[in-house]
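First comes the structure, then the notes that go with it.
Within every chain, numbering begins at 1; the chains are lettered A, B, ... in the order of the sequence lines, protein sequences first and strands thereafter.
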2 protein chains.
Amino acid sequence: MAASTPVKGTHTPSAGTGSRPGGRSARVRAAVHRAVEELLAEEVGDGLTIPAVAARAGVHATTLYRRWGSVGELLADAATSRFSGDVVVPDTGSLRGDLQRWAADVATDLADPDVLALMRATLGAGGEQGACACRGDREDQLAAMIAREEARGGAIPTVERAADALLGPLYYRAIFTGEPGSPDWARGLVDALLPG
Amino acid sequence: MAASTPVKGTHTPSAGTGSRPGGRSARVRAAVHRAVEELLAEEVGDGLTIPAVAARAGVHATTLYRRWGSVGELLADAATSRFSGDVVVPDTGSLRGDLQRWAADVATDLADPDVLALMRATLGAGGEQGACACRGDREDQLAAMIAREEARGGAIPTVERAADALLGPLYYRAIFTGEPGSPDWARGLVDALLPG
DNA sequence: AAGCTAACGCAACGATCTGTGCGTTCGTGC
DNA sequence: GCACGAACGCACAGATCGTTGCGTTAGCTT
């Protein structure tokens, strides 16, 4: 059990201009992303500035200004890289099992203070784009699990209702209340969603 | 019907030092809060700065630096003032009616782009404090409605489950997806929560 | 292996922000 | 009404940020 199926796989750099995604650029990108996460974890909170990130990453600020332009775009890029990497959805054989495992995983992920800090900062600076970056592929993963159950012939909820019943509470607790939900609580959400 | 009962009533200034909440200070406070909302509505997004707010409010930046210190605290204060003013909860006679009306009201409120901008900015800059400010008294209102139904002797869900089933989807949709929920959709959330 | 060019490092400038000291105004209590 | 003090306006200085132009490094191509 606990086999897995990849869902998306878009992990390429944001620059659609597509010129030179090679070694150094990728290194810089990774260093910058890590610097962003580190600084956010250190409770700089308010003043996450380009120069600060550049200094931490060991890169010159000019590079950041040229590649990302603003803190908002930088955060949105970092969030995209963090939240929508190649993800696997669990495959336990039943929709309930899949959702329970998946919800528990999401809850565990959201319980990380660093993840929370990144999400909050991205929401604040990135506007609409940042918000979508924080969702990542989560709704796609939900849709994938539900589609698989549908192929099995089981009873399925709509993706919309599943998102309301699972992603809603999970994200609301993580972002707005101090205490993120536990994996057990997340599994309870699945029981509240599915009949029986 | 549609009578109302006040819930909290804490609308005093943030300064617990309690010295002079009189006329001018209050005027400045209101002007600054309005300036914050206006600037956020105008898609400044990234660079909401103290000087910009001061200029818009017709106050000197020094005042803002002294009273609030940072953009984060300023936003948290503005959010508190906006989201946890004296609020009334509906009283339709049944829990289902109360919740439906309340959920629709919340959905309508969250559909305002200006409110969204304020919430996102506050989340980003305010950290934990800002997040709680965005929740406002919503959970208290929920608890009040449920307590009233309990006094009537009706069947009640826990406040926790109600928050998960209502506030979760409402806030998740507003913040993370581009399309906030409609009042009708919000009423549907209540139907999913309550048996029958 | 050699050339081409995108991406980066560097330095300097202007603009903007952050913080301070002092005088003035206005709310509050006697 | 009068005095007291908190909050505000003002001007100034230090620090930081955002941007530009140019030279250099290092992927990518053939």
Side-chain angles (χ1 to χ4, degrees), chain A residues 11-36 39-40 42-78 81 121 124-126, chain B residues 11-36 39-40 42-78 81 121 124-126:
Chain A
H11 204 230
T12 54
S14 63
T17 61
S19 295
R20 194 178 284 187
R24 187 164 65 166
S25 293
R27 251 190 337 262
V28 167
R29 213 172 115 91
V32 167
H33 285 173
R34 199 177 41 182
V36 167
L39 286 177
L40 285 176
E42 289 174 11
E43 184 145 7
V44 288
D46 198 13
L48 180 72
T49 64
I50 299 271
V53 175
R56 172 65 64 104
V59 194
H60 263 73
T62 312
T63 301
L64 301 194
Y65 283 117
R66 279 203 257 260
R67 272 178 71 121
W68 288 280
S70 70
V71 188
E73 297 179 53
L74 173 55
L75 279 169
D77 188 44
S81 169
Chain B
H11 203 231
T12 54
S14 64
T17 61
S19 295
R20 192 178 288 187
R24 186 164 65 168
S25 292
R27 252 191 334 264
V28 167
R29 214 173 114 92
V32 167
H33 286 175
R34 200 177 43 184
V36 167
L39 286 177
L40 285 176
E42 289 174 13
E43 184 143 6
V44 288
D46 199 13
L48 181 73
T49 63
I50 298 270
V53 175
R56 173 62 65 102
V59 194
H60 263 73
T62 312
T63 301
L64 301 194
Y65 282 118
R66 278 203 257 261
R67 272 178 70 121
W68 287 280
S70 71
V71 189
E73 298 180 51
L74 173 55
L75 278 169
D77 189 44
S81 169

Tell me which donor-acceptor pairs under 3.5 Å the side chains of residues 57-64 of chain A have, and how far apart each pair is, sequence neighbours excluded?
none

What is the separation between atom [atom1] on [X] and atom [atom2] on [N], rounded to the nearest whole Å?
X       : N      : atom1 : atom2 : answer
B:Arg27 : C:dC26 : CZ    : C1'   : 9 Å
A:Leu48 : D:dT16 : CG    : P     : 16 Å
B:His60 : D:dC8  : NE2   : P     : 13 Å

Pairs involving residues 57-66 of chain B, ordered by first then second residue, that meet salt bridge (Lys or Arg N to Asp or Glu O under 4.0 Å) (sequence neighbours left out):
none
Indicate whether OP1 or OP2 belonging to D:dG9 is found under 4.0 Å from a side-chain N or O atom of B:Thr63.
yes
Evaluate A:Leu74 against A:Arg67 for side chain to side chain contact (heavy atoms under 4.5 Å, CB included), listing each step before the verdict.
CA-CA 9 Å; A:Leu74 173 55; A:Arg67 272 178 71 121; over 6 Å; no
For B:Ala30, what residues pass the side-chain contact (heavy atoms from CB on, under 4.5 Å) criterion, not counting sequence neighbours?
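With sequence neighbours excluded, B:Ala30 shows a side-chain contact (heavy atoms from CB on, under 4.5 Å) to no residue whatsoever.
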Distances under 3.5 Å only, N/O to N/O: pair up the protein atoms with those of nucleotides 13-20 of chain C.
residue	atom	partner	partner atom	Å
C:dC17	OP1	B:Thr49	OG1	2.9
C:dT18	OP2	B:Tyr65	OH	2.5
C:dT18	O5'	B:Tyr65	OH	3.2

To 10°, what angle do the rotation axes through the five end pairs on each side of the helix from C:dA1-D:dT30 to C:dC30-D:dG1 form?
60°
Do B:Asp77 and B:Val32 pass the side chain to side chain contact (heavy atoms under 4.5 Å, CB included) test, and can you show the C-alpha distance, the side-chain angles, and the key distance before you say yes or no?
CA-CA 10 Å; B:Asp77 189 44; B:Val32 167; over 6 Å; no
What are the two closest non-hydrogen atoms of B:Val36 and B:Ala78, and how far apart are they?
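So the two residues come closest at CG1-CB, 4.4 Å.
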Stepwise side chain to side chain contact (heavy atoms under 4.5 Å, CB included) test for B:Val71 and B:Thr49
CA-CA 7 Å; B:Val71 189; B:Thr49 63; 5.8 Å; no
Which residues pass the salt bridge (charged side-chain N to carboxylate O under 4.0 Å, His left out) test with B:Arg56, not counting sequence neighbours?
B:Glu38, B:Glu42
